[in-house]
J.: 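Quick one: the structure is below, and I'll ask about it shortly.
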Amino acid sequence: MQPQSHNPSIPQLPDPAPGLNLVKASVRSQSAYTLDAPRADRKLNQNESPYDFPDDLKRQVLERMALMPWQRYPDFAPQSLLADLARHADWVPEGILVGNGSNELIQASLAVALDAGDRVVAPTPTFSLYRLLTAVSGGFYIPVPLGGGFEYDVDAIITAARCDHAKVVVLNSPNNPTGSALPEGAVARVLAATDALVICDEAYQDFGGPSALGLLKESSRVVVLRTFSKAMGMAGLRFGYALAHPTVAREIAKAKLPYNVNSFTLAAASVALANRGRLAERTRQIVDERERLLGRLRTIHGIRVYPSAANFVLIRCTARPAREIFQRLHAEYGILVRDVSSGAGLAECLRISVGTAEDTEAVVAALQATLNQ
């Protein structure tokens, strides 16, 4: 028998059990948020904008950065940007927090609201991070199934929140990964029927569906989350913001790290807001392409296509396994979509981000060819 080789550069690790046993069982039982993202010619798996941030706007950001002292921390509270966001959202600057993506502000909102064992109600299927962050914060997650067509069942959400004395209700609209949008007035109904803090994740709201922004002036129990990752084409820079009653915003701020948004991202967000009309035109183009993609997909036999108010479309594969179609699209056609078929209620489902017109034609042709073989 050959002696086992020993690489001195790799340390021998101690028994993990003593440290692992100190981690909360509720956290150990969760799966980490992760993504297997191989390279592809057409990347339609992460709901990114098909349009890069415009080159001339990039130059504006770079020019601002060239004049900044890089050895200094970013603004602790970027007052000019907060004022711009306040005008953009018709809200008060004191009620706005900026974050390293809106996900950070979801985490902060849950962290300040939840004591051990507090209940969080959310629809299912939805963004998997809500369940994980609830567990990390010590809460207990209660999923409420969407309807058969992935429509929101507002009555069921209210019933669950009341019966389980929910501390928090999380509503993602349009919902990821289904594309469903809450009906008009749904958030107001939840607020009126419960005592919960209602967190409205509106990461995709630029593409469709009603907003809860107007309710900020009526209730201190609503928090609205937005992002520049999708409609503004800034996913790589990670910028999000939360809107809440100023008193509640001050409490949420206690759970986010200081200097959480770097100077480069703050500069880019400021440039984006100054040019929001121009960037909004790209959003309209994405919405138009979404409608065209929905129409083209509905002509394909062997899949069910669900309505969407977001920048992606959910399909259910009825003729072949979703995993097989996902793999063949990537291996044979260089198209990467998102296989969500392992999620609760999402058996045989794939999510397709809205891309360019060329992307639409490519994915439709690839699906047709795959299903016809």
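We count residues from 1, following the sequence as given. Atoms considered below: every heavy atom in the structure, side chains included; atoms not considered: hydrogens, waters and symmetry mates.
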J.: Do R304 and I315 have side chains that approach each other closer than 4.5 Å (heavy atoms only, starting at C-beta)?
T.: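 In short, these two side chains do not touch, never coming nearer than 4.5 Å.
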J.: Knowing that exactly one of V364, L367, V363 qualifies, which makes a side chain to side chain contact (heavy atoms under 4.5 Å, CB included) with R296?
T.: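 Exactly one pass, corresponding to V364.
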J.: What is the ring orientation for Y259 with Y73, classed by angle as parallel under 30°, tilted 30 to 60°, or perpendicular over 60°?
T.: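 Parallel.
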J.: Taking C-beta and beyond as the side chain, do D201 and T126 meet within less than 4.5 Å on heavy atoms?
T.: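 No, too far: nothing below the 4.5 Å cut-off.
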J.: Flag the pair F239 / F264 as yes when their ring centroid distance falls below 6.0 Å, and as no otherwise.
T.: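 Ring-ring flag for F239/F264: false, centres at least 6.0 Å apart.
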J.: Under 3.5 Å, side chain of D153 to main-chain N/O of A156, donor-acceptor pair present?
T.: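 Checking the backbone N and O of A156 against the side chain of D153, a donor-acceptor pair under 3.5 Å is found.
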J.: Given salt bridge (charged side-chain N to carboxylate O under 4.0 Å, His left out), test R221 with D195 step by step and report yes or no.
T.: CA-CA 8 Å; R221 290 190 291 112; D195 296 322; 5.2 Å; no
J.: So, do F312 and F207 have ring centers that fall under 6.0 Å from each other?
T.: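 Between F312 and F207, the centre distance exceeds or equals 6.0 Å.
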J.: Is the shortest heavy-atom distance from the side chain of R290 to the side chain of S308 under 4.5 Å?
T.: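 In contact.
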J.: The test is side-chain hydrogen bond (donor to acceptor under 3.5 Å, both in side chains); show your working for N47 and Y204 and say whether it passes.
T.: CA-CA 9 Å; N47 304 338; Y204 299 96; 3.0 Å; yes
J.: Can any side-chain N or O of R323 pair as donor or acceptor with the backbone N or O of D339 at less than 3.5 Å?
T.: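 Not a single qualifying donor-acceptor pair exists.
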J.: Could you check whether any side-chain heavy atom of K167 comes within less than 4.5 Å of a side-chain heavy atom of D115, counting everything from C-beta outward?
T.: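 Sidechains of D115 and K167: in contact.
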J.: Walk me through whether Q30 and R131 qualify under side-chain hydrogen bond (donor to acceptor under 3.5 Å, both in side chains).
T.: CA-CA 8 Å; Q30 301 297 316; R131 181 188 292 271; 4.8 Å; no
J.: So do L22 and L20 actually touch side chain to side chain, heavy atoms under 4.5 Å?
T.: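 They are not in side-chain contact.
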J.: Under 3.5 Å, side chain of R351 to main-chain N/O of P177, donor-acceptor pair present?
T.: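 Not at all, since once roles are kept as given, no pair shorter than 3.5 Å links the two residues.
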J.: Tell me if the aromatic rings of Y141 and Y130 count as close, with their centers under 6.0 Å from one another.
T.: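 Not close enough - the centres of the two rings lie 6.0 Å or further apart.
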J.: For a 4.5 angstrom cut-off between non-hydrogen side-chain atoms, does V169 reach I199?
T.: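 Of all side-chain heavy-atom pairs linking I199 with V169, none is under 4.5 Å.
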J.: List the residues meeting side chain to side chain contact (heavy atoms under 4.5 Å, CB included) with D84, not counting sequence neighbours, and say none if there are none.
T.: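 Counting only residues at least two positions away or on another chain, D84 forms a side chain to side chain contact (heavy atoms under 4.5 Å, CB included) with S80, R87, S270, L273.
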J.: Quick one about N175 and S173 (side-chain donor to acceptor, distance below 3.5 Å, no hydrogens or angles considered), yes or no?
T.: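 Note: S173 and N175 side chains miss the donor-acceptor criterion.
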